[in-house]
Participant: 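This structure is in structure tokens; I'll ask about it shortly.
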Amino acid sequence: MHCPQCPGYTLEPRLLEENLLAASCPKCEGALLPLLNYRHWVQQQNEPVEKVEVEVLPEDSDHAKVCPKCSRLMTKFRIDLSTQNKLDLCTHCDEAWLDKGEWKLLKQLELAGQLPKIFTEEWQRELRRQQQINRVNQRYQESIGEEDFEKVREFKSWMLQHEKQVEIRQYLLLNS
Ligand SMILES: [Zn+2]
Ligand SMILES: [Zn+2]
């Protein structure tokens, strides 16, 4: 199998973790991970996968990739909103391509134990929904101004913890 990114380089067996075998490129250090291996590995874990800190976010190769196994185009999946990184999945072979550092990134985000979740429509839909909310909030922030927006946010979190939050909301609505 050849690396989907580095012409002329062949993937070699490499352990991402103990008992978690992937096929990795010696040049770019990306890895093709069979989800079958992954599911087996996850089942063996008695404790949640240890969280790690990543100093430098891994580079994400944004161009479309071709599956090293079957040559079909792989599908990109956003990991979460805190990173631009996307994982590539061949839905035919059920194998995922992780760029260098992305396994560590998954561990940092505490997603390494729930990889297949990222490849679901629910997860992707929720990310798009959150992103939409963030965009709207950003517009409010720009319109209200950063400093005052901060006050509004503080007020909001104060209100949400208040035992009389229903009354406070009603008061504000009645008096606006
Ligand atoms: Zn490579
Ligand atoms: Zn494939």
Side-chain angles (χ1 to χ4, degrees), residues 1-139 141:
M1 280 190 295
H2 295 286
C3 176
Q5 315 203 93
C6 315
Y9 281 83
T10 306
L11 302 181
E12 298 166 356
R14 180 163 70 92
L15 290 172
L16 287 183
E17 300 284 331
E18 203 188 333
N19 297 322
L20 182 57
L21 186 65
S24 172
C25 170
K27 183 165 185 265
C28 67
E29 294 175 45
L32 187 70
L33 175 64
L35 292 188
L36 191 70
N37 293 5
Y38 173 81
R39 289 194 186 93
H40 185 65
W41 174 78
V42 157
Q43 278 172 5
Q44 293 175 325
Q45 303 304 306
N46 299 320
E47 285 163 24
V49 185
E50 196 188 336
K51 187 182 173 179
V52 296
E53 295 299 330
V54 180
E55 305 83 47
V56 188
L57 279 182
E59 264 177 52
D60 185 43
S61 55
D62 209 29
H63 61 268
K65 282 185 196 69
V66 164
C67 174
K69 260 189 151 169
C70 71
S71 301
R72 288 177 170 87
L73 211 57
M74 299 181 96
T75 315
K76 290 196 177 294
F77 292 87
R78 182 99 187 251
I79 298 174
D80 86 355
L81 291 187
S82 65
T83 166
Q84 288 298 319
N85 287 67
K86 296 188 185 81
L87 301 181
D88 296 86
L89 177 77
C90 175
T91 50
H92 180 72
C93 303
D94 205 26
E95 304 217 0
W97 178 263
L98 309 175
D99 287 320
K100 179 186 179 182
E102 282 181 339
W103 177 250
K104 257 192 178 167
L105 178 67
L106 287 169
K107 286 167 89 173
Q108 183 191 26
L109 298 170
E110 295 178 270
L111 287 169
Q114 22 191 338
L115 194 50
K117 195 166 82 176
I118 294 170
F119 303 129
T120 60
E121 182 50 35
E122 289 79 6
W123 184 261
Q124 295 300 316
R125 204 185 305 130
E126 178 58 19
L127 287 186
R128 287 194 293 271
R129 195 184 71 86
Q130 278 298 334
Q131 196 165 25
Q132 185 60 30
I133 292 172
N134 289 353
R135 271 197 217 109
V136 173
N137 284 346
Q138 180 114 33
R139 255 177 260 144
Q141 183 173 7

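Counting convention: from 1, in listed order, for ligands and their atoms alike. When a residue number appears, it is its place in the shown sequence, counting from 1.
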Participant: What is the SG(C25)-the Zn ion (ligand 1)-SG(C28) angle, to the nearest 10 degrees?
Facilitator: 110°
Participant: Within rounding of 10°, what is the angle whose vertex is the Zn ion (ligand 1) and whose arms end at SG of C3 and SG of C6?
Facilitator: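 Value returned, to the nearest 10°, is 110°.
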Participant: Can a donor-acceptor pair be found, under 3.5 Å and without considering hydrogens, that links the side chain of R125 to the backbone of T120?
Facilitator: no
Participant: Do we see a donor-acceptor contact under 3.5 Å between the side chains of Q138 and R135?
Facilitator: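 No.
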Participant: Given 3.5 Å as the limit, does a donor-acceptor pair link the side chain of T10 with the main chain of H2, or not?
Facilitator: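 A pair under 3.5 Å: no.
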Participant: So does H92 have any N/O/S atom less than 2.8 Å away from the Zn ion (ligand 2)?
Facilitator: no
Participant: Looking from the Zn ion (ligand 2), what is the angle between SG on C67 and SG on C90, to the nearest 10°?
Facilitator: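 Once rounded, the angle between the two atoms at the Zn ion (ligand 2) is 110°.
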Participant: Using a strict 4.0 Å threshold on nitrogen-to-oxygen distance, state whether R128 and E121 make a salt bridge.
Facilitator: yes
